[in-house]
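Since the structure comes first, as C-alpha cells, the remarks are kept for the end.
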Amino acid sequence: QVQLVESGGGLVQAGGSLRLSCAASGRTFSRYAMGWFRQAPGKERVFVARISWSGGSTFYADSVKGRFSISTDSAKNTVYLQMNSLKPEDTAVYYCAARPSSVISTTPLGYDYWGQGTQVTVSS
C-alpha cells in the first residue's frame with residue numbers, strides 16, 4: 001500500500017523560505033511521477049510542481065516558477081519542495097501526490113495516491 005507523508009509546513013513571514021518533505025513508501029517509485037498541489041481555504045486544489053522520479057524532469061505552475069524547486073532523494077524515497085521568496089498568497093495546505101506514469105499531469109485527477117497535507121502559512 002502506497003503511503004505518502006508530508007512534513008515541513010509552518011508559519012513564515014513573507015520573503016522567507018520553507019522546505020516541504022514527502023516520504024513515500026509501499027512501492028517502487030522509479031516509474032512514478034510525484035507532484036505537489038496546494039489548496040487554499042474555499043478554493044480548489046491546484047497544481048504546484050511535479051517531477052519524474054526516474055529522469056528528474058520537472059514542471060512548475062507559473063505562479064511558483066523561479067521561487068519553488070522540486071527534487072527527489074531516491075535513497076530516502078523522499079520528494080522535496082523548496083519554497084523561497086514566499087508570499088501571503090502561497091498560504092495553503094500543501095499535498096504530495098504520486099502518479100504511476102512519467103507523463104506530465106497538472107490535474108489532481110491524474111494522481112492516484114495522496115498524503116494528508118501540511119499547512120503553510122505566510123504572514124505579511
Side-chain angles (χ1 to χ4, degrees):
Q1 183 177 353
V2 174
Q3 277 196 317
L4 304 175
V5 180
E6 302 99 333
S7 61
L11 173 64
V12 65
Q13 287 189 331
S17 298
L18 281 175
R19 189 178 78 157
L20 305 183
S21 300
C22 172
S25 62
R27 191 68 56 91
T28 300
F29 292 96
S30 58
R31 298 189 179 191
Y32 275 59
M34 305 298 294
W36 285 97
F37 289 76
R38 65 187 182 187
Q39 187 167 18
K43 296 189 176 181
E44 294 184 347
R45 192 170 298 189
V46 297
F47 170 78
V48 175
R50 59 82 72 185
I51 187 168
S52 63
W53 210 301
S54 58
S57 66
T58 59
F59 187 76
Y60 297 92
D62 288 343
S63 60
V64 306
K65 204 172 293 183
R67 299 188 299 123
F68 290 12
S69 177
I70 188 171
S71 62
T72 60
D73 184 334
S74 297
K76 296 181 179 180
N77 257 17
T78 300
V79 182
Y80 301 101
L81 185 68
Q82 178 67 44
M83 305 186 296
N84 300 326
S85 302
L86 282 161
K87 305 175 182 180
E89 50 263 45
D90 293 319
T91 294
V93 177
Y94 283 71
Y95 296 90
C96 174
R99 165 180 169 83
S101 168
S102 60
V103 175
I104 290 177
S105 176
T106 60
T107 173
L109 292 176
Y111 290 78
D112 293 348
Y113 305 101
W114 292 84
Q116 82 288 351
T118 185
Q119 176 70 46
V120 171
T121 303
V122 184
S123 63
S124 56

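The shown structure was predicted, so the numbers you read here are calculated from the model rather than taken from an experiment. Numbering starts at 1 and runs along the sequence shown.
At a threshold of 4.5 Å between non-hydrogen side-chain atoms, the residues R38 and V120 do not count as touching. Residues V64 and F47 fail the side-chain proximity criterion, which asks for heavy atoms closer than 4.5 Å. By the 4.5 Å heavy-atom criterion applied to side chains, R50 and S57 are counted as neighbours. For the pair Q119/T91, a side-chain contact is recorded, criterion being any heavy-atom separation below 4.5 Å from C-beta on. In this structure the side chain of M83 never reaches within 4.5 angstrom of the side chain of V12, judged on heavy atoms. Proximity of V48 to Y95: side-chain heavy atoms (C-beta onward) are nowhere separated by under 4.5 Å. Using a 4.5 Å heavy-atom cutoff, the side chains of I51 and W36 are not in contact.
Remark: Y111 OH to M34 CE distance equals 9.0 Å, nearest 0.5 Å. Atom-to-atom distance recorded for L109:CG and R99:CZ is 10.5 Å, nearest 0.5 angstrom. Rounding to the nearest 0.5 angstrom, the gap separating the CG atom in L4 from the CD atom in Q116 is 9.0 Å. Residue S124 holds its OG atom at 10.0 Å from CD of E89, rounded to the nearest 0.5 Å.
Side-chain atoms of R27 never come within 3.5 Å of backbone atoms of V2 as a donor-acceptor pair (strictly under, hydrogens ignored). Looking at E6, its side chain does come within 3.5 Å of a backbone N or O of C96 through a donor-acceptor pair. Between the side chain of Y80 and the backbone N or O of D73 there is no donor-acceptor pair closer than 3.5 Å. With S21 contributing its side chain and S7 its backbone, the two residues share no donor-acceptor pair below 3.5 Å.
Of all heavy-atom pairs spanning G110 and S105, the tightest one is CA-OG, 3.6 Å. Of all the heavy atoms in V93 and G117, the pair that sits closest is CG1-CA, 3.8 Å. Taking every heavy atom of both residues into account, S101 and A33 meet most closely at O-CB, 3.1 Å. Taking both residues in full, the closest heavy atoms of S85 and D90 are given as O-OD2, 4.4 Å, listed atom of the first, atom of the second, then distance. The minimum heavy-atom distance between N84 and S17, with the atom names listed, is OD1-OG, 2.9 Å. Smallest separation of non-hydrogen atoms from Y60 and A49: CD2-CB, 3.5 Å.
With salt bridges taken as basic N to acidic carboxylate O contacts below 4.0 Å, one links K65 and D62.
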_Working note: V79 + W53, criterion side-chain contact (heavy atoms from CB on, under 4.5 Å); need CA distance, chi angles, decisive distance, verdict._
CA-CA 9 Å; V79 182; W53 210 301; 3.6 Å; yes
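Ring pair Y94/F68 is tilted by interplanar angle, where 30° to 60° counts as tilted.
L81 and V46 fall into different hydrophobic clusters, where Ile, Leu, Val, Met, Phe, Trp and Tyr residues are linked whenever their side-chain heavy atoms come under 4.5 Å apart, directly or through other members.
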